[in-house]
Amino acid sequence: MTIEKENSIGLLDSGVGGLSVLSELYKIMPNKDYFFFGDTKNVPYGTKTPKEIFKYTKDILNFFISKNIKTVVFACNTTSAVAYDDLVDFFKDKIKIYPLIQSIAKNATEGLKDNDSVAILATKATINSKKYETELKKYNPKINTYGIDCSGFVEIVEHRLYNDPQSIDLIKEKLEIAKKHNAKRIILGCTHYPYLINLFKNILDVEYFNPAKTIAQIVKNETYDENYKGSSLNFYVSDDPKQFILSAKTFFDVKEAQLVKI
Ligand code: DGL
């Protein structure tokens, strides 16, 4: 099978979070060659400075260019919030980028009425950027948005601390804020958080919006090629592949043979 650059899609994230996006894409469009980069050496991104996040993202984009990939999905809210605006012009002739927040904002506001409350659970860097608020309000300026810095959630996922009482306490503390604001909808503003959705639902029963499904549909609408018969999954990480494989399980049964450490 020959891999066609037009049918290759790169996805990037700091770690296993982006697999929640890849799994949605793969479900609805398996006939593509997927190249997933998890920057596990630098995870979490959410506590890093915008300058650091910019550099990590730029390096990964250059890696994708070296692989001749022309389409890249930022399967990461933090890079979409902090690095996309500064990178897009620089890479525009080489790569088509789908930033997460900007791509899904319209869908994320659908069905909301004026004065409805929307809570955004996200990393510190995403919350500080106010990118969600800015993008959502383009489509409905009258909703009330509340950003909740959920620092610590990414570590729960990366280290599989789902049953740790401290993890549950932290999740309860953050969802309590959403409850106080009477959130009608909660946006999973970090691609690691779909791993926690069952815990969330047990603690607070509201509507959860997972951007992964929406961005997958958008990318499919723009890139689907019914004549392409290829299909492959290729994973790259910047640190210990074994940890990545263990944490990936919820969304992908990644095999060591499919994974390369860069
Ligand atoms: N999963 C990423 C996001 O959507 C990055 C999380 C992190 O590394 O802090 O924001």
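Ligands are counted one by one from 1 in listed order, and the atoms in each one are counted from 1 as well. We count residues from 1, following the sequence as given.
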With heavy atoms under 4.0 Å as the rule, classify the contact between C190 and ligand 1 as side chain, backbone, both or neither.
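Answer for C190: both.
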Should E24 and K27 count as an ion pair when the cut-off is N to O under 4.0 Å?
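Salt bridge present between E24 and K27.
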So that I can tick it off, tell me whether D253 and K249 are bridged by a salt bridge, with the cut-off set at under 4.0 angstrom between side-chain N and carboxylate O.
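Yes, charged N to carboxylate O under 4.0 Å.
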Under 6.0 Å from the ring centre and within 45 degrees of the ring axis: does the NZ or CZ of K58 meet both conditions for the six-membered ring of F90?
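Yes; both conditions hold, so K58 lies above the ring face of F90.
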Please round to the nearest 0.5 Å and tell me the distance separating atom OG of S247 and atom OH of Y195.
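Separation between the atoms: 7.5 Å.
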Looking only at distances, please establish whether an N/O atom of ligand 1 is found under 3.5 Å from an N/O atom of [X].
{"X": "Y45", "result": "yes"}
{"X": "G46", "result": "yes"}
{"X": "T126", "result": "no"}

For ligand 1, which atoms, with element, lie under 4.0 Å from some heavy atom of V154?
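Matching atoms, with element in brackets: 6 (C), 7 (C), 9 (O).
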Give the atoms of ligand 1, by number and element, whose distance to some non-hydrogen atom of S14 is under 4.0 Å.
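Contacts of ligand 1 toward S14, numbered from 1: 5 (C), 6 (C), 7 (C), 8 (O).
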Do S8 and D33 have side-chain atoms, one donor and one acceptor, less than 3.5 Å apart?
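Per modelled atom types, S8 and D33 side chains form no pair under 3.5 Å.
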Less than 3.5 Å apart, any donor N or O on the side chain of N198 or Y162 sitting next to an acceptor on the other?
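No, no side-chain donor-acceptor pair sits under 3.5 Å.
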Which residue and heavy atom of the protein sit nearest atom 10 (O) of ligand 1, plus the separation:
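Ranking protein heavy atoms by distance from atom 10 (O) of ligand 1, first comes T78 OG1, 2.5 Å.
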What residue and atom, counting heavy atoms only, is the protein's closest point to atom 2 (C) of ligand 1, and at what distance?
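The protein heavy atom lying closest is D13 OD1, 3.0 Å.
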Considering the options T123, T78, D39, which one meets the side-chain hydrogen bond (donor to acceptor under 3.5 Å, both in side chains) requirement together with Y45?
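The residue from T123, T78, D39 that satisfies side-chain hydrogen bond (donor to acceptor under 3.5 Å, both in side chains) with Y45 turns out to be D39.
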Just go through T123, V82, N77 and tell me whose heavy atom is the nearest to atom 4 (O) of ligand 1.
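Looking at heavy atoms only, the winner is N77.
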